[in-house]
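Okay, so here's the structure we're looking at.
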2 protein chains.
Amino acid sequence: MLEKNTCFGCEFQSSATKFLKKEELENLEKCSVGIHFKKNDIIFKENIFSSNVIYLKKGIIKLHKKTSSKEKIIKIVKSPNYLGIPATFNEKYHYYSATSLSDTMVCFIQKEKFKDFIYSNSDFAYKIIKSLCENEIILLEQCFNKSKKNVRGRIAETLLFFYNEIFHQKKFIIPLTRDEFGKYIDTSRESVSRILTEFNKDRIINLTAKNVEILNEKLLEMISENG
Amino acid sequence: MLEKNTCFGCEFQSSATKFLKKEELENLEKCSVGIHFKKNDIIFKENIFSSNVIYLKKGIIKLHKKTSSKEKIIKIVKSPNYLGIPATFNEKYHYYSATSLSDTMVCFIQKEKFKDFIYSNSDFAYKIIKSLCENEIILLEQCFNKSKKNVRGRIAETLLFFYNEIFHQKKFIIPLTRDEFGKYIDTSRESVSRILTEFNKDRIINLTAKNVEILNEKLLEMISENG
DNA sequence: TAAAAAATATGATATTTATCACAAAATTTT
DNA sequence: AAAATTTTGTGATAAATATCATATTTTTTA
C-alpha cells in the first residue's frame, strides 16, 4: 500500500535526517515514497540492483539469503534502521532479501538524492557513518557469539535477544517458525524444537506454540554464556 | 619503531586521504604517527578505549578476540585498510585485538582530527562511507559462507582466500599455525591437520609444513562450494 | 648447538548435531 | 467446517567433528 510520504515533521525520522534543514527535508519528501507491508511480505529481493536507500520506519524484518536450496537468516532488524546501504553505495546488487516479520512501514529514497545530502550536510554524513559503524559492531558480535556457542547457547541467546532488543517484554511471540529459527542460528528445526521443549520442561521458559514467557532470566543468561 | 610520518606524497595513501587538499594533508601529518611492527607484534588490544583511527599502511594482520579461554580470529586484513573505525567513532572500547601476521606499517591518527576531515571534506567522508560499506559486505559474505560450509569446505575456501585476496600467488606460506587456522574457521587444530594432509595426498595442494602450492584450483573451488 | 618448548600428525573414542521417519497439531485454503 | 497444507514434536539412527592420547617434528631459547 503506497502512501503519501511526509518527511518534514515525520515522527519516525532517523537520527541522520534530523540534521536535514527544512529545504532538504522537502527535497527528501519529493524523492522518496513510503510503503506499508504486511507480515511475510517481501520488501526487496536479493540479486536485484539496488537503486534506493531503504529506511525501515516501523516494524521488524528479517534479512535472508538463499544459495542452492540452503537458506539462511542473516539478521533480524527492528525500526528505525536503514537497510541495504552497503549494496546501494557500492553500486551493487542486494546481497540479501528483506521480508517483514510484522506489519511494517518502509521508505524508499532515491540513491542519488540521498548521496547529495551526504555531500551537502556533513552532520548528516557523520550520522550515516555512525550508523554504519554500529551495524558493523552488531554484526561482529553476532559472528563471534555464534561461533563460540553450542546450539543450546545460541537458542538461549536468541530468546534473550528477542526480550532485550526487540520486544522489551518477557512475554512475547517468537516471530519465526521453528524452521526459520533454525535458519537464523544455523541448526535444524528438530534441534530447535527439542531444546525449546527442554527449556519449557525445566521451567526456564513457559512455552505454548510460539508464545514464550521467560521465567528464569539468570539461568537463560548462564546457558547463553556457557552453552 | 616510531618513524617520521609524511602524509603528503605518501605512497600508501588511502582512497579517502587522496581527496584531502595539501593543507589538510599537512594537518594529517601533524596529528598522526607511523609505527613499524614485526610479525606477531600486538598492534592494539581489545577492551582498550579507542582514541585513534588506525590505518594499516603495509602488511597483513589478524583481528582476534578472546572470551573465557576461547579465542577466535575474526578477520584477516591486508593493507591498505582502516582498522577499528567502528569502535573509534562509537566512543567505544576496541571490540577485538589486532596482531601483525607480517612486518607491517601502521599510522595512528588522532580521532578528533580525522572527524574534522569528515566535516570539512565531503569527498573524504563519502570515501569513508564506501569503505565501511565494503567491509560490511565482506563481513556478511564471511558469516554466510561459514555457516553454510562444512570444515573441508571452509579450509578449501580459506586456501583460496589466501591465494586470491592476500598473496595473489598459488605458492604461499600459510601465515597461521594450525591452531590459529582452526580459530579462524571455527574448528579444531586436529581437523585442520587432517584435512590439509588429505588435500596433500589427493594432490589438490602441495604441502610442506606451512608452505602451500595450489595444484588443482578447480577442485578446490568445488570443495569450497559443496563441502 | 643442545635442551626446552611449541607445533604438528594421527589413531581411537566420545560428543554433538543432523537426518530420517512418522505422528500429531496448527494453520490455510476451498 | 472439511480438506489440504504446513508446522511441530520426538524417537531412532547416522554423520560430522571434537577430544584425548601419544609420537614426532619444528622452532625457540639458553
Side-chain angles (χ1 to χ4, degrees), chain A residues 38-41 62 68-73 99 101 146-159 173-202 204-212 223-224 226-227, chain B residues 38-41 62 68-73 99 101-102 146-159 173-202 205-212 223-224 226-227:
Chain A
K38 286 201 296 289
K39 197 183 162 176
N40 293 326
D41 281 350
K62 63 173 179 181
S68 58
S69 79
K70 286 177 184 176
E71 200 190 23
K72 166 150 181 64
I73 296 177
T99 300
L101 293 176
K146 207 170 285 173
S147 72
K148 289 293 141 205
K149 289 178 186 178
N150 62 15
V151 175
R152 257 169 73 86
R154 300 206 295 275
I155 290 180
E157 185 193 8
T158 304
L159 292 173
I173 296 171
I174 301 174
L176 305 171
T177 64
R178 300 291 190 266
D179 192 48
E180 286 176 314
F181 202 136
K183 278 163 180 158
Y184 182 47
I185 60 164
D186 301 325
T187 191
S188 65
R189 58 166 195 84
E190 292 96 330
S191 294
V192 175
S193 268
R194 264 187 267 271
I195 290 167
L196 284 177
T197 303
E198 187 197 311
F199 284 176
N200 185 51
K201 274 189 194 141
D202 296 346
I204 300 167
I205 61 173
N206 190 9
L207 177 79
T208 316
K210 290 200 175 68
N211 299 278
V212 169
I223 295 169
S224 170
N226 311 309
Chain B
K38 286 201 296 289
K39 195 181 163 178
N40 292 327
D41 282 348
K62 63 173 179 180
S68 58
S69 80
K70 286 176 184 176
E71 199 190 22
K72 167 151 182 63
I73 295 176
T99 300
L101 292 176
S102 70
K146 208 170 285 171
S147 72
K148 289 291 142 206
K149 289 178 186 176
N150 61 14
V151 175
R152 257 169 73 87
R154 300 206 295 276
I155 289 180
E157 184 192 11
T158 304
L159 292 173
I173 296 170
I174 301 174
L176 305 170
T177 65
R178 301 290 189 266
D179 193 48
E180 287 176 312
F181 204 135
K183 279 164 180 157
Y184 182 48
I185 60 165
D186 302 326
T187 191
S188 65
R189 59 174 188 78
E190 290 96 330
S191 294
V192 175
S193 269
R194 263 187 269 269
I195 289 167
L196 284 178
T197 303
E198 187 197 310
F199 284 176
N200 185 52
K201 275 188 195 141
D202 297 346
I205 61 173
N206 190 8
L207 177 78
T208 316
K210 291 200 175 67
N211 299 280
V212 169
I223 295 169
S224 171
N226 311 308

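Chain naming here is simple, since letters A, B, ... match the order of the sequence lines and numbering starts at 1 in each.
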Residue B/V151, side-chain heavy atoms: nucleotide from D/dT17, D/dT8, C/dT17 that is nearest: D/dT17

B/R178 CZ - D/dT27 P separation (whole Å): 11 Å

B/E198 CD - D/dT17 P separation (whole Å): 11 Å

Sugar-phosphate only, base, or nothing, as touched by B/S191 at under 4.0 Å among non-hydrogen atoms: sugar-phosphate

Nearest-angstrom distance from the residue atom CD1 of B/I195 to C1' of C/dT8: 15 Å

Rounded interatomic separation in angstrom, taking CG from B/D179 and C1' from D/dT26: 15 Å

Between C1' of C/dT10 and CG of B/L196, the distance in whole Å: 14 Å

OP1 or OP2 of C/dT10 under 4.0 Å from side-chain N/O of B/T197: yes

Contact under 4.0 Å: A/K210 side-chain N or O vs D/dT8 OP1/OP2: yes

Nearest-0.5 Å distance, CD1 of residue A/I174 to OG1 of residue A/T158: 9.5 Å

B/R178 side-chain N/O to B/S193 backbone N/O, donor-acceptor pair under 3.5 Å: no

Under 4.0 angstrom between B/T177 side-chain N/O and C/dA6 OP1 or OP2: no

Distance under 6.0 Å and angle within 45° of ring axis: B/K210 vs B/F181: no

Residue met sooner reading DNA chain C from 5', once A/A209 and A/D186 are mapped to nucleotides: A/D186

N/O (side chain, A/R194) to phosphate O (OP1/OP2, D/dG9) under 4.0 Å: no

Length of the CG-C1' vector between B/N211 and D/dT27, whole Å: 14 Å

Phosphate-side-chain proximity, A/S193 and D/dT8, N/O vs OP1/OP2 below 4.0 Å: no

B/I173 CD1 - D/dT26 C1' separation (whole Å): 14 Å

Donor-acceptor contact below 3.5 Å, side chain A/D202 vs main chain A/F199: no

Shortest non-hydrogen separation from B/L207 to B/T197 and the atoms involved: CD2-N, 4.3 Å

C/dT8 OP1/OP2 closer than 4.0 Å to side-chain N/O of B/R189: no

B/E190 CD to C/dT8 P, straight-line distance once rounded to whole Å: 11 Å

